[in-house]
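Here is the structure we will look at.
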Amino acid sequence: MKISTDEWYLGILDEIATTLKLKTDIFSWWSERSGLGPAQRLTNFFRDVLLKKVNERIVLFFDEIDSTLSVPFADDFFAALRAIYNARSIVSDFKRLSIVMIGVATPSDLIADSLRTPFNIGRRVELTDFTLEELQPLVLGLGKNAEQVLGWVFDWTNGHPYLTQRLCQFLTKSKDEATKETVKDAVKDLFLGEKGMEDNNLQFVRDMLLERAADKTGVLKIYRQVITDKTRVEDDEQSLNKSHLKLSGVVRRRQTALHVSNRIYQSVFDLNWVKDHFPHIENQNKFELKFLSVSAIIVAIGLFATTIYRIY
């Protein structure tokens with residue numbers, strides 16, 4: 001079911017008005033300004049309603065921001081947010097409004113149109129994995145040798161929040177005292193076997209590597225360099241492919257180089273996995289290139305025929 005532009009923006013305004021208990025009838029307010037574009041109305045709502053009704057500082061959180069990337073009018077939305085930020089020097093009230101966007105996306109993803117100014121504002125907050133010390137609250141459910149068990153878990157997950165909690169939860173269900181071998185068996189059962197194919201987190205990483213990358217071949221080539229460990233792969237903030245790998249979670253930056261995030265990812269997305277999927281990606285890219293070439297030929301023939309028609 002497709003959502004209209006007005007429905008999408010009104011959904012945002014309704015959530016804000018309901019949460020902050022604004023008395024403004026947003027639906028009437030919105031329709032009365034139908035002569036303006038949706039992005040302009042959003043900007044005006046923040047300036048003329050939200051910041052007039054609320055005198056304190058306001059922080060708006062937009063979660064799962066990557067889910068908006070497929071929305072056809074998302075460029076206008078993010079351009080409006082950028083305009084609000086840039087207008088702080090003119091509209092002083094905008095200084096009280098802060099926006100936090102949570103999700104898996106790079107700034108270059110937010111405004112897809114290359115002809116528009118990119119989303120070049122704000123500050124990125126990178127979430128890191130837990131340290132062993134930060135995981136200490138989990139020892140409460142891990143039995144007599146809890147500290148040792150947590151160390152074995154950490155050896156596999158390297159503090160990844162989801163993988164660590166999933167593994168610990170699984171271990172707490174066992175009546176037997178955990179050993180290094182039983183932790184290994186739990187990892188195999190949860191992530192390396194049939195269950196691993198259905199795990200949401202592992203499926204997310206697969207999709208990021210195989211489906212959602214703009215340059216799938218380039219992403220896999222860099223990842224292959226990282227896991228072969230023959231040469232040090234330096235991180236580069238300007239590289240879209242390296243940024244995509246980091247967003248997928250499969251690699252982390254340590255000091256200045258990229259490394260596989262943890263042993264579970266290293267076991268699931270190993271060199272054999274890359275080899276198995278590389279031909280598929282390359283064939284897919286060749287098909288796309290061939291399709292583009294055929295399209296270009298058709299366009300060229302059309303232009304040629306048009307030229308002949310005009311000559312005669």
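In this chain, numbering begins with 1 at the start of the sequence shown. Note: hydrogens, waters and symmetry copies are ignored here, and every other heavy atom, side chains too, is used.
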[X] versus [Y]: any side-chain heavy-atom pair under 4.5 Å?
X	Y	value
Cys168	Val153	yes
Lys216	Lys221	no
His244	Met208	yes
Thr68	Trp8	yes

With clusters defined by side-chain heavy atoms of hydrophobic residues (ILVMFWY) lying less than 4.5 Å apart, directly or transitively, does [Y] cluster with [X]?
X	Y	result
Leu50	Val100	no
Leu36	Val91	no
Leu245	Leu240	no
Leu271	Val205	yes
Ile99	Leu127	no

So how far is it from [X] [atom1] to [Y] [atom2], rounded to the nearest 0.5 Å?
X	Y	atom1	atom2	value
Leu202	Leu192	CG	CG	8.5 Å
His277	Asn272	NE2	CG	11.5 Å
Asp48	Lys53	CG	NZ	11.0 Å
Ser34	Asp6	OG	CG	9.0 Å
Leu97	Tyr85	CG	OH	12.0 Å
Leu163	Arg166	CG	CZ	9.5 Å

**OP:** Would you please test Tyr162 and Thr164 for side chain to side chain contact (heavy atoms under 4.5 Å, CB included) and show each step?
**Re:** CA-CA 5 Å; Tyr162 168 80; Thr164 302; over 6 Å; no

Polar side-chain atom of [X] near backbone of [Y] as donor-acceptor pair, under 3.5 Å:
X	Y	result
Thr24	Ile26	no
Arg82	Ile121	no
Thr172	Gln169	yes
Gln136	Leu132	yes
Ser28	Asp25	no
Asn145	Gln148	no
Arg57	Val59	no
Arg88	Ile84	no
Arg224	Val274	no
Arg254	Ser261	yes

Is any NZ, NE, NH1 or NH2 atom of the basic residue among [X] and [Y] found under 4.0 Å from an Asp or Glu carboxylate oxygen of the other?
X	Y	result
Asp189	Lys195	yes
Lys52	Asp93	yes
Asp155	Lys180	no
Asp235	Lys242	no
Arg41	Glu32	no

Original post:
Would one find more than 12 heavy atoms of other residues, nucleotides or ligands at under 6.0 Å from atom CD of Glu194?
Top reply: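 12 or below, so no.
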
Original post:
Once the angle between the rings of Trp273 and Phe269 is folded into 0 to 90°, is it parallel (under 30°), tilted (30 to 60°) or perpendicular (over 60°)?
Top reply: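 Perpendicular.
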
**OP:** Evaluate the ring planes of Tyr9 and Trp30, with Trp represented by its six-membered ring, and classify them as parallel (under 30°), tilted (30 to 60°) or perpendicular (over 60°).
**Re:**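 Taking Trp30 first and then Tyr9, their aromatic rings lie parallel (interplane angle under 30°).
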
Original post:
With distance as the sole criterion, is a donor-acceptor pair present between the side chains of Gln203 and Asp207 under 3.5 Å?
Top reply: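 Result is yes, a qualifying pair exists.
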
Original post:
Should Asp129 and Asn158 be marked as a side chain to side chain donor-acceptor pair (under 3.5 Å) after you check the CA-CA gap, both sets of side-chain angles, and the distance that decides it?
Top reply: CA-CA 7 Å; Asp129 292 330; Asn158 203 32; 5.0 Å; no

Original post:
Yes or no on side chain to side chain donor-acceptor pair (under 3.5 Å) for Gln40 and Thr43, after CA distance, side-chain angles and deciding distance?
Top reply: CA-CA 5 Å; Gln40 184 62 54; Thr43 303; 5.0 Å; no

**OP:** Apply side chain to side chain donor-acceptor pair (under 3.5 Å) to Gln266 and Asn262, showing your working.
**Re:** CA-CA 6 Å; Gln266 193 169 27; Asn262 52 71; over 6 Å; no

Original post:
Between Thr5 and Pro38, what is the shortest heavy-atom contact and its length?
Top reply: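 Closest approach of Thr5 to Pro38: CG2-CG, 3.5 Å.
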
**OP:** Could you walk me through whether Leu258 and Arg232 pass the side chain to side chain contact (heavy atoms under 4.5 Å, CB included) test, one step at a time?
**Re:** CA-CA 8 Å; Leu258 297 179; Arg232 181 182 175 91; over 6 Å; no

Subject >> Full working for side chain to side chain donor-acceptor pair (under 3.5 Å) between Asp236 and Ser239 >> reply: CA-CA 5 Å; Asp236 178 4; Ser239 169; 5.2 Å; no

**OP:** Establish, yes or no, whether a centroid distance under 6.0 Å links the rings of Phe77 and Phe62.
**Re:**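 Centroid separation for Phe77 and Phe62: below 6.0 Å.
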
Original post:
Quick one: are the ring centres of His160 and Phe130 less than 6.0 Å apart?
Top reply: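 No - the distance between ring centres of His160 and Phe130 does not fall below the 6.0 Å cut-off.
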
